[in-house]
Amino acid sequence: MEGKARRGPSSNFIKEIILRDIETNRYGGRVHTRFPPEPNGYLHIGHAKSICINFGLAAEFGGLCNLRFDDTNPVKEEAEYVEAIKEDVRWLGFDWGDREYYASDYFEQFYEYAIQLIKAGKAYVDDLSPDEIREYRGTLTEPGRESPYRNRSVEENLGLFERMRAGEFEEGSRVLRAKIDMSSGNLNMRDPVMYRILKVPHHRTADKWCIYPMYDWAHGLSDSIEGITHSICTLEFEDHRPLYDWFLDELNLHHPRQIEFARLNLSYTVLSKRKLTRLVEEGFVDGWDDPRMPTIAGLRRRGYTPEAIRNFCERIGVAKSDSVVDIGLLEHCLREDLNKRAPRAMAVLEPLRVVIVNYPEERVEELEVENNPEDPSMGSRRVPFSRVLYIERGDFREDPPKGWFRLAPGREVRLKSAYIIRCEGVVKDGRTGEVTEVHCTYDPGTKSGTPEGGRRVKGTLHWVSEAHALEAEVRLYDRLFLRPNPDEAGDFIDCLNPDSLKVLRGCRIEPSLKDAVPGQRFQFLRLGYFCVDRDSSGSNLVFNRTVSLKDRWAKIERKGGP
RNA sequence: UGGGGAGUCGUCUAAUGGCAGGACGGCAGACUCUGGAUCUGCUUGUAGGGGUUCGAAUCCUCUCUCCCCAGCCA
């Protein structure tokens, strides 16, 4: 009955498994998950999906979710990443309480368990070289062969393993392997390596260890030690589940259930650590938090909200089939959130001078402008209006196409929260013929907010007063790649979008933005959502375009007229 | 050709033998002092064959396609 009630839009196969486990009292009704990143890179939107699943499930079922660093490979891992990961998870809105764990905290215990397996005749020290191990492993279609060292005595194995730990052997010279089945169809079961010798200091255990556990050995044990009930991971670990189960069964330990789901793929970007690292290292982007990166840090700097990301993760669902989610859905979730909460402001990105010829020279009116029409509680502000203004260059056409609602010779438009103006003429550059100034008249009877000012015109433009405007730099970001699937034609680098970043200087913004601080978000009317970049300062305001507003006119033009 | 998985609108996802539904996108319209937002309507899908059944996306069977695995990475 409860199971039925749980189904519906937010149901998924993992919840159903958990529900069944609760009903059958498999773990005493407990639900305890974990998010287990390896601290070898920055988290991305794919990790956000996993974080939302793990923390979300724990919250939904009244359980707990641990943050555990899977730090078993000191060659690749660094403390810097630990801090970045914690910041990202926290920013996304999740709390692991005091349950911040590290696989490396369990190294001693892993070692004891290894000895237990050796004593049970289930593990052995192998002297084969890495190349030989590969050779002995066989192939996908042929069984492997047993190592000549496979049947050493327990005593010999114990002695050798102890000496491995003591640092008596060279890297690569010996490993500890589980003794399972060299002819298994599942390669993971062909005597998998449990420990390798790595004479490398670890970011937490320093030089205490020179043997390090492999993922398969460490992961299930860590889960077990922490009392995890549901160990949720991605599909590529499906093949590893028999091994996960084997270790815990052989040791007769608390045995969490491993469940695999399909990792997130997003169109027009890449989500593999290797590729993201390449983008950073080869300078195609400006670092891990470049606003074009699908990393949590990049999305944050771009102006995404945690709410938008969480909502996105909820909407994409959880399943086992490989899929590619349209990045448009992420953008939709963003706009939906920002629309509700971002205060509006007027900014002119590519300024065109407008002179209201019948407006008095020295006059300045402070006009009342709503901060967010979606939310009256956000109040209003005053914006100065005067004789000389800027409008968007793109909002004026000397020779307007059909369906044009904006300014053109002889045409009227409303200036948002101000007056209706009519274009009476233009001033052009003598040499280039470019329009440098538009001359207009205003209709004094059309002031916004006045009872008699309600006359209607088709178009409404945003504007800023020349004398009062602030200058700003605006960075326009677009999709990082030109193709929905950057991998589909050879090297993904080949389809990088050369216009993924366009920097505009000399943009004019309304004076109320003077004290905007990094991270603050706005909707620039008719343009999109923008946030103050961390490069911004009092003397040089810098805004990132988070996402554009949907522009119907752009679509009309794309299709060649209405 | 070994082992493990997966195939439902363009995309993501729901259905648990009983009306194939939702979201995004798209299209059309209404409204609009943001060509934004909002609202309304519409469109499109069970990989294929055979079987069981009053009834199949769901059960059985055969086939096809796609993904993952041969790190001392995770």
Side-chain angles (χ1 to χ4, degrees), chain A residues 3-4 7-12 16 36-38 40 70 72-73 75-76 126 128-130 133-134 137-144 171-177 183-190 193-198 212 214-216 218-219 233-242 260 262 267 273 315-326 328-333 335-336 339-340 344 346 370 373-374 403-406 413-418 420 446 448-449 453-462 484 523-528 548-556:
Chain A
K4 273 257 190 281
R7 285 186 203 123
S10 71
S11 177
N12 63 56
E16 297 204 6
E38 182 189 13
N40 71 341
D70 224 334
T72 57
N73 185 358
V75 176
K76 295 184 176 177
D126 196 351
L128 254 26
S129 71
I133 286 184
R134 191 180 321 117
R137 185 155 32 227
T139 68
L140 292 178
T141 51
E142 301 155 24
E171 274 190 22
S173 64
R174 284 187 166 87
V175 291
L176 183 73
R177 300 177 74 175
S183 65
S184 171
N186 181 346
L187 268 29
N188 296 117
M189 301 299 273
R190 319 241 263 230
V193 172
M194 295 164 61
Y195 279 96
R196 75 287 215 189
I197 298 169
L198 251 27
Y212 290 94
M214 297 289 290
Y215 166 86
D216 288 302
H219 201 90
C233 60
T234 45
L235 251 29
E236 68 270 28
F237 293 101
E238 215 150 12
D239 282 350
H240 295 242
R241 182 161 18 102
E260 311 84 10
S267 60
K273 241 178 222 178
R315 290 211 207 181
I316 57 176
V318 183
K320 292 194 71 157
S321 57
D322 294 303
S323 61
V324 182
V325 176
D326 187 344
L329 181 61
L330 215 210
E331 293 171 348
H332 168 82
C333 293
R335 289 190 184 100
E336 186 178 62
N339 179 45
K340 285 181 302 197
R344 314 286 126 125
M346 291 199 282
E370 70 226 325
E374 305 292 321
W404 182 256
F405 294 173
R406 284 119 96 146
V413 294
R414 173 172 292 280
L415 295 179
K416 173 71 182 171
S417 300
I420 290 174
T446 57
S448 292
R455 182 155 74 85
R456 285 180 172 179
V457 286
K458 276 286 199 180
T460 301
L461 306 186
H462 59 278
Q523 184 199 93
F524 287 171
L525 231 56
R526 301 207 305 132
L527 298 174
S548 67
L549 241 30
K550 284 195 216 159
D551 180 355
R552 252 208 23 106
W553 175 249
K555 193 195 270 177
I556 291 168

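Proteins come first, then strands; the chains are lettered A, B, ... in the order of their sequence lines, and each starts at number 1.
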Trainee: To the nearest angstrom, how far is A/M189 atom CE from B/rG4 atom P?
Mentor: 12 Å
Trainee: So which heavy atom on A/D70 is nearest to which on A/H219, and how close?
Mentor: OD2-ND1, 2.7 Å
Trainee: Heavy atoms from C-beta onward define the side chain here; which of B/rG5, B/rC27, B/rU13 lies closest to that of A/S323?
Mentor: B/rU13
Trainee: Identify which one of A/R137, A/R196, A/R177, A/R190 satisfies the salt bridge (Lys or Arg N to Asp or Glu O under 4.0 Å) criterion when paired with A/D126.
Mentor: A/R177
Trainee: Considering only atom C1', compute the distance from B/rA70 to B/rU16 and round it to an integer number of Å.
Mentor: 38 Å
Trainee: Return the minimal non-hydrogen interatomic distance between A/A262 and A/S321, and the atom names on each side.
Mentor: CB-O, 3.3 Å
Trainee: For B/rG71, measure the glycosidic angle (O4'-C1'-N9-C4 for a purine, O4'-C1'-N1-C2 for a pyrimidine) and name it syn if it falls within 90° of 0, otherwise anti.
Mentor: syn
Trainee: Just to be sure I understand the rule, does A/L525 reach a base, reach only the sugar-phosphate, or reach nothing, if contact means heavy atoms closer than 4.0 Å?
Mentor: base
Trainee: Grab the two heavy atoms, one from A/N186 and one from A/P242, that are nearest each other, plus how far apart they are.
Mentor: ND2-CG, 3.6 Å
Trainee: Can you check the distance between B/rC68 and B/rA56, where both ends of the measurement are the C1' atom (answer in whole Å)?
Mentor: 30 Å
Trainee: Rounded to whole angstroms, how far apart are CZ on A/R315 and C1' on B/rC12?
Mentor: 11 Å
Trainee: Pick the C1' atom in B/rU52 and in B/rG17, then give their distance to the nearest Å.
Mentor: 11 Å
Trainee: Can you name the closest pair of heavy atoms from A/A218 and A/T72 and give their distance?
Mentor: CB-CG2, 3.6 Å
Trainee: If you measure from the C1' atom in B/rA57 to the same atom in B/rG18, how many Å do you get, rounded?
Mentor: 13 Å
Trainee: Using a heavy-atom cut-off of 4.0 Å across all strands, would you classify A/G144 as base, sugar-phosphate, or nothing?
Mentor: nothing
Trainee: Looking for any heavy atom pair under 4.0 Å, which part of the strands does A/K416 touch: base, sugar-phosphate only, or nothing?
Mentor: base
Trainee: Over all strands shown, is A/V324 touching base, sugar-phosphate only, or nothing at heavy-atom distances under 4.0 angstrom?
Mentor: sugar-phosphate
Trainee: Just to confirm, is there a sub-4.0 Å distance from OP1 or OP2 of B/rU34 to any side-chain nitrogen or oxygen of A/R414?
Mentor: no
Trainee: Less than 4.0 Å between a side-chain N and a carboxylate O, is that true for A/E238 and A/K320?
Mentor: yes
Trainee: Does the side chain of A/V175 come within less than 4.5 Å of A/I133's, by heavy atoms?
Mentor: yes
Trainee: Is a side-chain donor-acceptor pair under 3.5 Å present for A/S448 with A/R414?
Mentor: yes
Trainee: What is the nucleic acid contact for A/T141, judged by heavy atoms within less than 4.0 Å: base, sugar-phosphate only, or nothing?
Mentor: base
Trainee: Across nucleotides 35-44 of chain B, 5' to 3', mark each nucleotide with B, S or - according to how protein heavy atoms within less than 4.0 Å reach it.
Mentor: BBS-------
Trainee: Indicate for each nucleotide in nucleotides 64-74 of chain B, in 5' to 3' sequence, whether protein heavy atoms under 4.0 Å reach the base (B), only the sugar-phosphate (S), or nothing (-).
Mentor: ---SBBBSBBB
Trainee: Please work out if A/V318 contacts a base, only the sugar-phosphate, or nothing of the nucleic acid, heavy-atom cut-off 4.0 Å.
Mentor: sugar-phosphate
Trainee: Take atom P in B/rA15 and the same atom in B/rC59, then report the distance between them in whole Å.
Mentor: 13 Å
Trainee: Rounding to the closest angstrom, what is the interatomic distance between B/rA47 and B/rC9 at atom P?
Mentor: 7 Å
Trainee: Give me the atom names and distance for the closest heavy-atom approach of A/W553 to A/R406.
Mentor: CB-NH1, 3.4 Å
Trainee: Please report the shortest heavy-atom distance between A/R335 and A/S548, naming the atom on each side.
Mentor: NE-O, 2.7 Å
Trainee: Answer yes or no: are there more than 12 heavy-atom neighbours, outside A/R455 itself, under 6.0 Å from its atom CZ?
Mentor: yes
Trainee: Can you tell if the side chain of A/L187 reaches within under 4.5 Å of the side chain of A/D239, non-hydrogen atoms only?
Mentor: no
Trainee: Just how far, in rounded Å, is P of B/rG4 from CZ of A/R190?
Mentor: 13 Å
Trainee: Roughly how many Å apart are B/rU63 and B/rC42, using the P atom of each and rounding to a whole number?
Mentor: 43 Å
Trainee: Find the runs of at least 3 consecutive base pairs, i with j, i+1 with j-1 and so on, that include RNA chain B, using Watson-Crick or G-U wobble geometry with both distances under 3.5 Å.
Mentor: B:2-7 with B:64-69, B:10-13 with B:21-24, B:26-30 with B:38-42, B:47-51 with B:59-63
Trainee: Taking for each residue the nucleotide of RNA chain B with the nearest heavy atom, is it A/A319 or A/E370 whose nucleotide lies nearer the 5' end?
Mentor: A/A319
Trainee: Please tell me if the side chains of A/K416 and A/R526 come closer than 4.5 Å, counting only heavy atoms from C-beta onward.
Mentor: no
Trainee: If the P atom of B/rU40 is compared with that of B/rG49, how far apart are they to the nearest Å?
Mentor: 38 Å
